[in-house]
Amino acid sequence: MLETYTLRQHLETVRQELSHTLYQHDAACRVIARLIKERDGARSALAQASVSGGASSSGSMEVDQAAAPAAAGLTDNDIAVLTETSTRLSSARKHRKISKTVASPEEIASFEVQSSNPIHSTSQPGILCVDVSVSNPSLIATGGMDHKAVVFDQTAGQVVATMSGHTKPVTSVVFHPSEDILLTSSADKTARVWGG
């Protein structure tokens with residue numbers, strides 16, 4: 001009986017995912033068709049503009065060239081005001097000092113992946129938030145699109161706990177700094193305190 005219920009539940013989930021995927025495919029096809037129509041319209045407008053632009057007389061060209069210098073550009077006075085204001089603001093601006101604890105580009109380039117573990121559901125992939133325990137740095141908490149918070153032990157390479165209860169994606173996970181407590185919040189407008 002339980003197996004039948006599980007199969008029906010899985011079937012309903014797969015149907016919803018298929019429906020969502022088909023909707024996305026249909027929307028993508030409509031967008032592509034609209035873009036192709038816009039592209040073709042732009043091409044024909046460009047072809048018409050180039051045909052009509054090549055037929056203009058040389059007399060109108062001379063008038064356009066004579067009127068252009070009066071309408072274009074900034075005056076020397078405007079440029080001087082802009083330059084003076086820029087110089088004044090640049091000299092008054094505080095120079096930000098970069099912290100010595102920030103990693104240099106060379107250090108970041110030397111980083112390597114230590115492990116990669118699929119700890120959330122693959123039907124709704126995506127990790128939205130991460131926190132590392134201060135009291136036990138091998139514990140990593142993640143919140144995901146699958147409405148779950150997962151605590152992963154990096155040294156053991158396994159999931160320690162999975163917290164289910166939110167009805168929408170988990171947007172924030174935070175370990176308590178000194179106690180064995182995990183705080184989560186979700187797009188379902190709830191916050192939960194998990195203890196063990």
Side-chain angles (χ1 to χ4, degrees), residues 1-43 99 101-196:
M1 182 70 179
L2 181 61
E3 184 178 346
T4 304
Y5 173 75
T6 305
L7 288 173
R8 284 184 182 170
Q9 192 175 22
H10 182 68
L11 177 64
E12 184 62 29
T13 303
V14 170
R15 280 183 180 166
Q16 288 176 350
E17 290 175 7
L18 179 61
S19 172
H20 182 70
T21 303
L22 289 173
Y23 176 77
Q24 285 180 331
H25 180 267
D26 183 51
C29 288
R30 282 184 272 141
V31 168
I32 290 169
R34 181 177 51 92
L35 290 174
I36 289 173
K37 184 178 178 181
E38 288 176 5
R39 181 202 62 191
D40 292 343
R43 281 184 178 170
S99 172
T101 60
V102 175
S104 69
E106 294 79 22
E107 290 173 325
I108 293 173
S110 70
F111 289 171
E112 294 179 3
V113 176
Q114 292 181 352
S115 67
S116 178
N117 304 290
I119 57 177
H120 282 272
S121 170
T122 56
S123 64
Q124 292 180 317
I127 294 176
L128 300 177
C129 51
V130 178
D131 191 32
V132 178
S133 174
V134 175
S135 60
N136 184 358
S138 68
L139 293 180
I140 300 168
T142 60
M145 291 292 293
D146 60 356
H147 312 173
K148 297 177 184 173
V150 176
V151 178
F152 183 76
D153 186 345
Q154 185 178 359
T155 57
Q158 63 184 6
V159 173
V160 176
T162 301
M163 281 68 74
S164 301
H166 289 291
T167 58
K168 290 192 176 179
V170 177
T171 57
S172 179
V173 292
V174 178
F175 278 108
H176 189 278
S178 60
E179 296 185 29
D180 193 18
I181 293 176
L182 181 69
L183 306 158
T184 61
S185 65
S186 170
D188 63 9
K189 301 180 183 175
T190 63
R192 295 180 183 250
V193 180
W194 309 86

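Atoms considered below: every heavy atom in the structure, side chains included; atoms not considered: hydrogens, waters and symmetry mates. This one's a predicted model, so the numbers in the text were calculated from it and none came from an experiment.
- You'll find the side chain of Thr21 stays beyond 4.5 Å of the side chain of His25, heavy atoms only.
- Of all heavy-atom pairs between Ile108 and Ala103, the closest is CG1-CB, 3.9 Å.
- Distance CE/Met163 to NE2/His147: 15.5 Å, rounded to 0.5 Å.
- Looking only at side-chain heavy atoms (C-beta outward), Leu128 and Val170 stay at 4.5 Å or farther from each other.
- At least one side-chain heavy atom of Val31 sits less than 4.5 Å from a side-chain heavy atom of Leu35.
- Here the side chain of Asp188 pairs a donor or acceptor atom with the backbone of Thr167 at under 3.5 angstrom.
- Note: Leu139 CG to Gln154 CD = 10.0 Å, rounded to the nearest 0.5 Å.
- Within the 3.5 Å criterion, the main-chain N or O of Lys168 finds no donor-acceptor partner in the side chain of His166.
- The minimum heavy-atom distance between His176 and Glu179, with the atom names listed, is ND1-N, 3.1 Å.
- Listed for the Ser19 side chain is no donor-acceptor partner under 3.5 Å among the backbone atoms of Arg15.
- The shortest heavy-atom contact between Val134 and Pro177 is CB-O, 4.2 Å.
- Of all non-hydrogen atoms in Ser138 and Thr155, the two that sit nearest each other are CB-CG2, 3.6 Å.
- Side chain of Ser172 to main chain of Thr184: no donor-acceptor pair is present (N/O by atom type, distance under 3.5 Å, no hydrogens or angles).
- A donor-acceptor pair is defined here as one N or O able to donate and one able to accept, closer than 3.5 Å; such a pair exists between the side chain of Asp131 and the backbone of Phe175.
- A distance of 7.5 Å separates OG in Ser135 from CG in Asp180, rounded to the nearest 0.5 Å.
- Atom-to-atom distance recorded for Asp146:CG and Ile119:CD1 is 9.5 Å, nearest 0.5 angstrom.
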Give the C-alpha distance, both sets of side-chain angles, the deciding distance and a yes or no for side chain to side chain contact (heavy atoms under 4.5 Å, CB included) between Ile36 and Arg39.
-> CA-CA 5 Å; Ile36 289 173; Arg39 181 202 62 191; 3.8 Å; yes
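- In this structure, the separation between CD on Gln16 and CG on Leu11 is 10.0 Å, given to the nearest 0.5 Å.
- Between Trp194 atom CH2 and Ile181 atom CD1 the span is 13.5 Å, to the nearest 0.5 Å.
- Ion pairing of Glu38 with Arg34 is present here, as a side-chain N (NZ or NE/NH1/NH2) and a carboxylate O approach within less than 4.0 Å.
- When only modelled atom types and interatomic distance are considered, Gln24 and His20 share a side-chain donor-acceptor pair under 3.5 Å.
- The shortest heavy-atom contact between Pro137 and Val132 is O-CG1, 3.5 Å.
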